[in-house]
Amino acid sequence: MTLQDDRAAFEAHKMKQSIALGKDIAVFNKSTEALHALDEYDYAYLWSWMGVPIIQMPADVLATQEVIWNTKPDIIIEAGVARGGSVIFMASILAMLGNNGKVIGVDIDIRPHNRNSIENHPLSKHITLIEGGSSDKETLAKVVAEIPTNARVMVVLDSDHTYAHVLSELRTYGPIVTKGCYLVVADTLLGRLPEGKAPQKRARICDVGDEPLAALTDYLAENDRFDIDEALNGKLVLSSSPGGYCRCVK
């Protein structure tokens with residue numbers, strides 16, 4: 001018995017359903033209600049990757065994995081190191097690709113215990129940590145010095161989520177992203193939440209308009225290098241970053 005190879009059809013159906021899901025406002029609203037309820041339990045803080053806390057929603061972890069695997073960057077720059085789980089997660093995917101890739105983690109304050117967790121991890125050889133303000137010229141120079149000639153570069157912005165800071169990071173790191181790779185802006189959900197529904201257990205509460213989605217919207221209006229990935233973002237319900245995954249097209 002010969003079975004039909006249905007892989008292409010499966011992927012086409014997946015894309016169709018992802019785009020359709022992204023247009024279903026009722027389902028999206030239900031997911032935001034669920035996330036608001038889960039915030040009471042610090043839901044995004046309950047996970048780890050290879051033994052290190054990863055402060056991410058599971059949907060965003062899977063989406064980022066898909067992007068890295070499909071686009072195969074040589075360098076991933078992440079602004080916002082926190083406890084280190086995200087840089088280790090992305091380093092693990094680069095290690096699987098076998099291209100000797102590297103994650104450059106940038107943070108204004110890399111605390112000693114978090115640095116210890118990262119630098120003593122088995123994947124530390126795929127990680128470089130740079131401490132400093134992410135948009136500072138000195139920090140940018142250190143980041144650029146770590147990027148090999150002709151490297152494929154992906155950027156993830158997940159530090160201070162205020163409008164001014166994210167827009168500054170976008171203008172700083174957006175030009176570094178290479179064609180075919182992704183610019184990921186975290187916590188764009190903050191721009192799509194009803195008043196009073198923003199996560200409360202944070203050092204700073206970002207109101208609508210003073211958050212990453214507003215910054216990304218204005219940045220995309222400034223240039224034509226990026227397209228929002230409709231299918232990938234469409235399936236990002238129960239996610240902190242819907243609309244935040246942008247593909248560099250030129």
Side-chain angles (χ1 to χ4, degrees), residues 35 38-39 41-65 67-68 75-95 102-124 126-136 139-140 142-143 146 154-166 168-170 172-173 182-190 198-206 210-213 215-216 236 238-242 244-245:
L35 289 174
L38 288 167
D39 186 51
Y41 302 97
D42 303 325
Y43 185 67
Y45 292 77
L46 304 182
W47 309 94
S48 62
W49 188 270
M50 293 185 171
V52 180
I54 180 170
I55 306 172
Q56 300 285 347
M57 296 293 181
D60 296 310
V61 173
L62 278 174
T64 302
Q65 172 273 142
V67 164
I68 298 171
I75 297 291
I76 302 173
I77 302 165
E78 180 174 44
V81 172
R83 293 187 178 272
S86 288
V87 293
I88 289 171
F89 152 64
M90 291 187 287
S92 71
I93 307 302
L94 292 181
K102 180 169 61 177
V103 179
I104 303 172
V106 181
D107 204 303
I108 196 168
D109 179 21
I110 304 175
R111 297 175 183 178
H113 53 280
N114 295 330
R115 181 182 290 274
N116 178 269
S117 295
I118 297 166
E119 293 183 343
N120 288 287
H121 196 275
L123 287 163
S124 61
H126 293 283
I127 300 168
T128 295
L129 297 177
I130 295 175
E131 189 168 85
S134 56
S135 296
D136 292 351
T139 304
L140 178 61
K142 291 177 182 178
V143 171
E146 294 289 335
M154 171 179 169
V155 168
V156 179
L157 303 179
D158 192 11
S159 59
D160 181 336
H161 296 313
T162 57
Y163 171 88
H165 186 82
V166 176
S168 178
E169 286 186 331
L170 284 164
T172 300
Y173 292 98
Y182 276 67
L183 169 66
V184 181
V185 180
D187 281 88
T188 48
L189 180 66
L190 296 173
Q200 299 298 304
K201 298 180 180 181
R202 298 191 178 201
R204 178 180 292 167
I205 308 301
C206 295
D210 185 25
E211 31 69 25
L213 182 61
L216 177 60
L236 285 180
L238 295 175
S239 157
S240 65
S241 306
Y245 285 75

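Everything quoted here is computed from the prediction, not taken from an experiment. Basis for what follows: all heavy atoms, side chains included, without hydrogens, waters or symmetry-related copies.
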Closest contact, heavy atoms only, [X] versus [Y]:
X      : Y      : answer
Asp210 : Tyr163 : OD1-N, 3.0 Å
His161 : Asp158 : CE1-OD1, 3.1 Å
Pro242 : Leu236 : CB-O, 3.6 Å
Leu190 : Pro212 : CD1-CD, 4.1 Å

With [X], which residues qualify under side-chain hydrogen bond (donor to acceptor under 3.5 Å, both in side chains), at least two apart?
X      : answer
Asp60  : Ser239, Ser240
Ser134 : His165, Glu169
Gln65  : none
Ser135 : Ser168

Nearest 0.5 angstrom please: [X] [atom1] to [Y] [atom2], how far?
X      : Y      : atom1 : atom2 : result
Trp47  : Asp42  : CH2   : CG    : 13.0 Å
Ile104 : Leu129 : CD1   : CG    : 10.5 Å
Ser241 : Leu189 : OG    : CG    : 8.0 Å

Requested in this report: Tell me, with the steps shown, if Thr64 and Tyr182 meet side chain to side chain donor-acceptor pair (under 3.5 Å).
Outcome: CA-CA 9 Å; Thr64 302; Tyr182 276 67; over 6 Å; no
Using atom types as modelled and distance alone, determine if a side-chain donor or acceptor of [X] lies under 3.5 Å from a backbone N or O of [Y].
X      : Y      : answer
Asn114 : Ile110 : no
Ser48  : Ile54  : no
His121 : Val52  : no

Query - All salt bridge (Lys or Arg N to Asp or Glu O under 4.0 Å) counterparts of Glu146, not counting sequence neighbours - result: Lys102
**Report entry** Pair Leu94-Val103, side chain to side chain contact (heavy atoms under 4.5 Å, CB included): steps then yes or no
**Finding:** CA-CA 8 Å; Leu94 292 181; Val103 179; 3.8 Å; yes
Query raised in the report: Are any of the side-chain heavy atoms of Val166 and Leu216 separated by less than 4.5 Å?
Result: no
Please tabulate, one pair per line, all N/O donor-acceptor pairs under 3.5 Å involving side-chain atoms of residues 75-93, not counting sequence neighbours.
unit_1 : atom_1 : unit_2 : atom_2 : d
Ser86  : OG     : Gln56  : NE2    : 3.1
Ser92  : OG     : Trp49  : NE1    : 3.1
Ser92  : OG     : Phe89  : O      : 2.5

Query raised in the report: Would you find more than 12 non-hydrogen atoms of other residues, nucleotides or ligands less than 6.0 Å from Ile108 atom CD1?
Result: no
